[in-house]
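Counting convention: from 1, in listed order, for ligands and their atoms alike.
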Amino acid sequence: MSEIPPPPVQPLRERDGKVELLDQTLLPDKERWIHIETVEQMREAIQSLRIRGAPAIGIAAAYGLAIAASNSDVTATSNLLADLDAAGARLASARPTAVNLGWAVKRVLGHVASTTYGSTEALRDAVWTEARAIMSEDLNMCRRIGLAGAELLQGGSVLTHCNTGGLATAGYGTALATIFMAHALGQDIHVYIDETRPLLQGARLNTWELSKAGIQSTLITDNMAATVLARGDVQAAVVGADRVAANGDVANKIGTLGVAILARHYDVPFYVAIPTSTIDFDCPDGRGIPIEERAPAEVLEFRGARTAAAGTEVYNPAFDVTPAELVSAIITEHGVIRPPYRENLAKLKR
Ligand code: MRU
């Protein structure tokens, strides 16, 4: 078996005791790392998509709590726990759709609440340790998702929507990890990248990540996907998710539903690659998934230049929900899950 290289891209790092994010709003033009020193800076970075992608914003929120712990100057552990709760509420409310955000906050707060600490210093250390654990576990999960997905793909041309690579996770990615691993294992793989309107995560971030990894890709605008599928140029579609409901309904970047419908029409498998932290067992089906609506300017303008008449009304949902019946398989760190999803996801939980 070929050697799996280390992740070529990661969205967050610790440098000289500081947390830094690679500002994804500037890619691919500029690779700029920004220091995050407060909870409000982390919240702003999540909301403005300087860091984005479901697993990555969970990791960012966990580090936001670590920063909150370091910044708090209280001397009683009960007061530090109260400060952490307040910071957790700010971070978890930054974006509504990705379940990983609230999941990571709950995990860190639950972990520190379940132990008694002899000092605020010990409690601070525990928050940092848990944030680092979430990051390293995510990297390990992504590696395993990638390997499970590569086995399913077996080369060929794959269509993907939105960025689901190293930038969107601790490293490697989810849907893109399946492609990275397929390539690392020597499969002949090529990617059709949906541009991903309106914020171009596909065009800006996937082209950047795939070219760094030396993987062949072709960029298309979202409305070209039907033509590519109709021509028979694609053997599988692979996407990530921000939240998967207990019945297998999938919330992902706006435009994913269209890809799933096209894939079914042209008889191409439609795969969803996720870490299990993206499954919301408390959400029975897709109707319960909150969908973020973003600023009209994202649709009215292109990189600062207006592209529609002034005063135009806009609808700008950032995500859509693909019904489970259109999903051929869900690729997780525990392997490939097939329908019926309610039963098979529940088994995974057990
Ligand atoms: O708005 P974004 O860029 O955060 O949306 C990201 C996506 O929709 C991804 O497909 C999803 O988070 C999975 S990332 C591994």
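- Summarising the geometry, atom CG belonging to L139 is positioned 12.0 Å from atom CZ belonging to R144; distances are rounded to the nearest 0.5 Å.
- Using a 3.5 Å distance cut-off with no hydrogens or angles, the side chains of N163 and R52 do pair a donor with an acceptor.
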I would like to know whether R132 and E130 meet salt bridge (charged side-chain N to carboxylate O under 4.0 Å, His left out); could you show each step before the answer? CA-CA 5 Å; R132 290 176 185 132; E130 198 61 8; over 6 Å; no

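- Looking at Q201 next to ligand 1, an N or O pair under 3.5 Å apart turns up.
- P55 counts as a contact of ligand 1, since one of its heavy atoms falls under 4.0 Å from the ligand.
- Between the side chains of E333 and T276, a donor-acceptor pair is found at a separation under 3.5 Å.
- R52 NE, 2.5 Å is the protein heavy atom nearest to atom 3 (O) of ligand 1.
- Residue contacts with ligand 1 do not include G173, since none of its heavy atoms lies under 4.0 Å from the ligand.
- Taking the centre and axis of the six-membered ring of W33, the NZ or CZ atom of R15 falls outside the cone set by 45° and 6.0 Å.
- Scanning the protein heavy atoms around atom 5 (O) of ligand 1, the nearest turns out to be K253 CE, 3.3 Å.
- Polar contact check, D242 against ligand 1: a nitrogen or oxygen pair lies under 3.5 Å apart.
- Close approach of ligand 1 to A54 is summarised as follows: ligand atoms under 4.0 Å from at least one heavy atom of the residue are 12 (O), 14 (S).
- In this structure, atom 15 (C) of ligand 1 lies nearest to the protein heavy atom T174 OG1, 3.0 Å.
- Close contacts of ligand 1 with F319, meaning ligand atoms under 4.0 Å from a residue heavy atom, involve 1 (O), 5 (O), 8 (O).
- Just one residue in the list L199, V299, I254 forms a side chain to side chain contact (heavy atoms under 4.5 Å, CB included) with R294, and that residue is L199.
- Polar contact check, A168 against ligand 1: no nitrogen or oxygen pair lies under 3.5 Å apart.
- Of the candidates T278, T97, D280, R243 forms a side-chain hydrogen bond (donor to acceptor under 3.5 Å, both in side chains) with just one, namely D280.
- Neither side chain, H190 nor S217, offers a donor N or O lying under 3.5 Å from an acceptor on the other.
- The shortest N or O to N or O distance between H161 and ligand 1 is not below 3.5 Å.
- Within ligand 1, the atoms closer than 4.0 Å to a non-hydrogen atom of R95 are 1 (O), 2 (P), 4 (O), numbered from 1 in the order shown.
- When hydrogens are left out, the protein atom nearest atom 9 (C) of ligand 1 is N252 OD1, 3.4 Å; that is the closest non-hydrogen contact.
- Between the side chains of Y63 and E14, at least one donor N or O lies within less than 3.5 Å of an accepting N or O.
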